[in-house]
Amino acid sequence: PTSRSTLSALSSLHAQKDDKPFFASETSTTTSTTERDVKQEIRDEAKDALISVGWSAPMTDAELTSDDPFVQRINEQIQQESGVNLDELLNPAKVVNLERDLVNL
């Protein structure tokens with residue numbers, strides 16, 4: 001059972017409510033365009049900051065050669081850790097692909 005005061009309060013709230021749906025925007029398109037530009041600018045600045053400290057976009061599945069800096073870095077790490085070259089390993093492609101997967105995480 002609902003009291004009269006509750007019904008009265010609900011009906012007054014309903015009367016005050018706009019006819020617009022709750023998701024209707026009250027801002028103009030210029031405001032949303034400006035907001036979009038600001039958001040894009042923030043994304044660009046963040047991307048530049050990440051690149052400047054060595055972070056980069058995920059690597060693609062393109063073929064990597066022994067001349068690639070990524071492969072050369074892996075080769076140097078393996079030489080430091082185990083004293084052998086990357087091409088002396090049983091499955092060097094697996095090492096490179098796993099390292100690429102780790103970078104992409």
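The chain is numbered in sequence order, starting from 1.
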For residues 91-98, please give each side-chain donor-acceptor pair under 3.5 Å, one per line with the distance, not counting sequence neighbours.
unit_1 : atom_1 : unit_2 : atom_2 : d
Asn91  : OD1    : Lys94  : N      : 3.4
Asn97  : OD1    : Arg100 : NH2    : 2.8
Asn97  : ND2    : Ala93  : O      : 3.2

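Considering all non-hydrogen atoms of both residues, Gln72 and Asp67 come closest at NE2-O, 3.3 Å.
Scanning for side-chain hydrogen bond (donor to acceptor under 3.5 Å, both in side chains) contacts around Gln79 gives Asn85, with sequence neighbours left out. When the side-chain contact (heavy atoms from CB on, under 4.5 Å) test is applied to Gln40, the partners found at least two apart in sequence or on another chain are Arg43, Asp44.
With rounding to the nearest 0.5 angstrom, the CG atom of Asp68 is 12.0 Å from the CG atom of Asn75. Taken to the nearest 0.5 Å, the NZ atom of Lys39 stands 9.5 Å off from the CZ atom of Arg36.
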